[in-house]
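Everything below concerns the one structure shown next.
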Amino acid sequence: MAQPSEGVIKFQRTHDPRPLEERAYGDIARQLAGWRAVLRRLGGVGQDPARYDGAGYGNLSLRVPPYGAEGMGRRSFLVTGTQTGGKRAIALADCCLVERYDLSRNHVTSRGTAEPSSESLTHGAIYDAAPSTRAVFHVHAPELWRGARALGLPTARPEVPYGTPEMAHEVERLFRSAALGEHGILAMLGHEDGVIAFGASAEAAGAILTRHYARALAAPPR
């Protein structure tokens, strides 16, 4: 059976389509929109008919306060919605609140006029493995993806597909075995050009991503 194309949601979901409240989530959505605009200009977020079967690519998330000891699968976050990569700009209506996620059931519970990104389980796995994380940026960065091993960055195994519990468990494995928490970045070798950076703030995640991308671009040709 052929693998689903880029951007396809592979988890089960319980989704409430009611709009998110501006008072509660507007400021967080504007932070997401600002960083997404930066990453779109760098080519990490977008949509191109010649790439990935024409599907949109790249997604960002930010944790939603208050930050307590919510427990596994309950660290809620605001994430850019599925297949919004082609939009020039986004607003709160293009974001989704992921309230709960369950790797064992391959299930996400969410709310908002947009449905959750196909990488929501992976975002959740990072928030659970590193509870101090407040931002996760998933971009498509060909040079960084191809050079990840040479740069000494953690890499998810090529046989692990994106957007699945297997990828989320692979992230957990990398936290245990590859000092992923120290690097704050990984390349998903089974997800063409897919790179994830994360940090204690959006600024930290953005700095990690751009620093390593610059390293990749400065590396001698192989």
Side-chain angles (χ1 to χ4, degrees), residues 7 15-47 56-70 73-101 108-141 144 171 181 183-186 194-214:
H15 184 73
D16 181 345
R18 288 179 298 172
L20 298 174
E21 302 86 353
E22 169 68 27
R23 182 175 62 180
Y25 305 108
D27 287 345
I28 301 171
R30 282 184 283 275
Q31 288 186 62
L32 279 178
W35 275 100
R36 179 190 178 278
V38 171
L39 297 176
R40 190 174 189 274
R41 292 189 182 188
L42 293 174
V45 176
Q47 188 167 19
Y57 56 89
N59 45 75
L60 290 72
S61 71
L62 291 172
R63 282 282 311 279
V64 172
Y67 308 122
E70 299 94 334
R74 297 187 65 86
R75 292 183 171 88
S76 58
F77 55 91
L78 199 68
V79 65
T80 53
T82 186
Q83 289 308 303
T84 57
K87 294 194 172 188
R88 295 182 62 86
I90 63 166
L92 180 58
D94 303 301
C95 300
C96 174
L97 177 66
V98 173
E99 297 175 312
R100 292 184 299 281
Y101 41 94
V108 167
T109 301
S110 58
R111 183 159 59 92
T113 52
E115 295 202 3
S117 160
S118 59
E119 285 288 355
S120 292
L121 281 177
T122 306
H123 287 242
I126 292 173
Y127 288 126
D128 277 350
S132 63
T133 296
R134 299 288 181 262
V136 176
F137 294 169
H138 168 215
V139 300
H140 282 223
L144 182 51
V171 166
H183 285 89
I185 190 169
L186 73 139
V195 174
I196 293 179
F198 57 93
S201 66
E203 291 77 11
I208 289 169
L209 179 61
T210 53
R211 180 172 72 250
H212 288 296
Y213 209 167

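Start at 1 with the first residue, then count along the sequence. The structure presented is a predicted model; accordingly, all values stated were derived computationally and were not measured.
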Testing the basics here: between [X] and [Y], what is the closest heavy-atom pair and its distance to 0.1 Å?
{"X": "Arg63", "Y": "Pro131", "value": "NH1-O, 3.5 Å"}
{"X": "Arg36", "Y": "Leu60", "value": "N-CD2, 3.7 Å"}
{"X": "Gly73", "Y": "Asp128", "value": "N-OD2, 2.8 Å"}
{"X": "Ile208", "Y": "His183", "value": "CG2-O, 3.7 Å"}
{"X": "Pro65", "Y": "Ile28", "value": "CD-CD1, 3.8 Å"}
{"X": "Leu78", "Y": "Val64", "value": "N-CG2, 3.7 Å"}

Note, [X] side chain near [Y] side chain (heavy atom, < 4.5 Å):
{"X": "Thr210", "Y": "Val38", "value": "no"}
{"X": "Arg88", "Y": "Arg40", "value": "yes"}
{"X": "Gln83", "Y": "Gln47", "value": "yes"}
{"X": "Glu70", "Y": "Ser76", "value": "no"}
{"X": "Leu42", "Y": "Val139", "value": "no"}
{"X": "Asp16", "Y": "Leu97", "value": "no"}
{"X": "Tyr127", "Y": "Ser61", "value": "yes"}

Inset, instruction - Return the orientation label for the Phe77 and His123 ring planes: parallel under 30°, perpendicular over 60°, tilted otherwise. - result: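 Phe77 vs His123 ring planes: parallel.
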Find the distance between [atom1] ([X]) and [atom2] ([Y]) and round it off to the nearest 0.5 Å.
{"X": "Asn59", "Y": "Cys96", "atom1": "CG", "atom2": "SG", "value": "11.5 Å"}
{"X": "Thr122", "Y": "Phe198", "atom1": "OG1", "atom2": "CZ", "value": "12.0 Å"}
{"X": "Leu62", "Y": "Leu32", "atom1": "CG", "atom2": "CG", "value": "4.0 Å"}
{"X": "Arg75", "Y": "Ile126", "atom1": "CZ", "atom2": "CD1", "value": "13.0 Å"}
{"X": "Leu209", "Y": "Ile196", "atom1": "CG", "atom2": "CD1", "value": "11.0 Å"}
{"X": "Arg134", "Y": "Ser201", "atom1": "CZ", "atom2": "OG", "value": "10.0 Å"}

Legend entry - Glu115 backbone acceptor or donor facing Thr82 side chain under 3.5 Å: no
Inset, instruction - Please assess His138 against Ser117 for the test side-chain contact (heavy atoms from CB on, under 4.5 Å), listing each intermediate value before the final yes or no. - result: CA-CA 10 Å; His138 168 215; Ser117 160; 5.7 Å; no
Inset, instruction - Apply the test salt bridge (charged side-chain N to carboxylate O under 4.0 Å, His left out) to residues Arg111 and Glu21: give CA-CA distance (whole Å), side-chain angles for both, the deciding distance (0.1 Å), then the verdict. - result: CA-CA 11 Å; Arg111 183 159 59 92; Glu21 302 86 353; 3.3 Å; yes
Inset, instruction - Answer yes when Arg30 and Glu22 have at least one side-chain N-carboxylate O distance shorter than 4.0 Å, and no when they do not. - result: yes
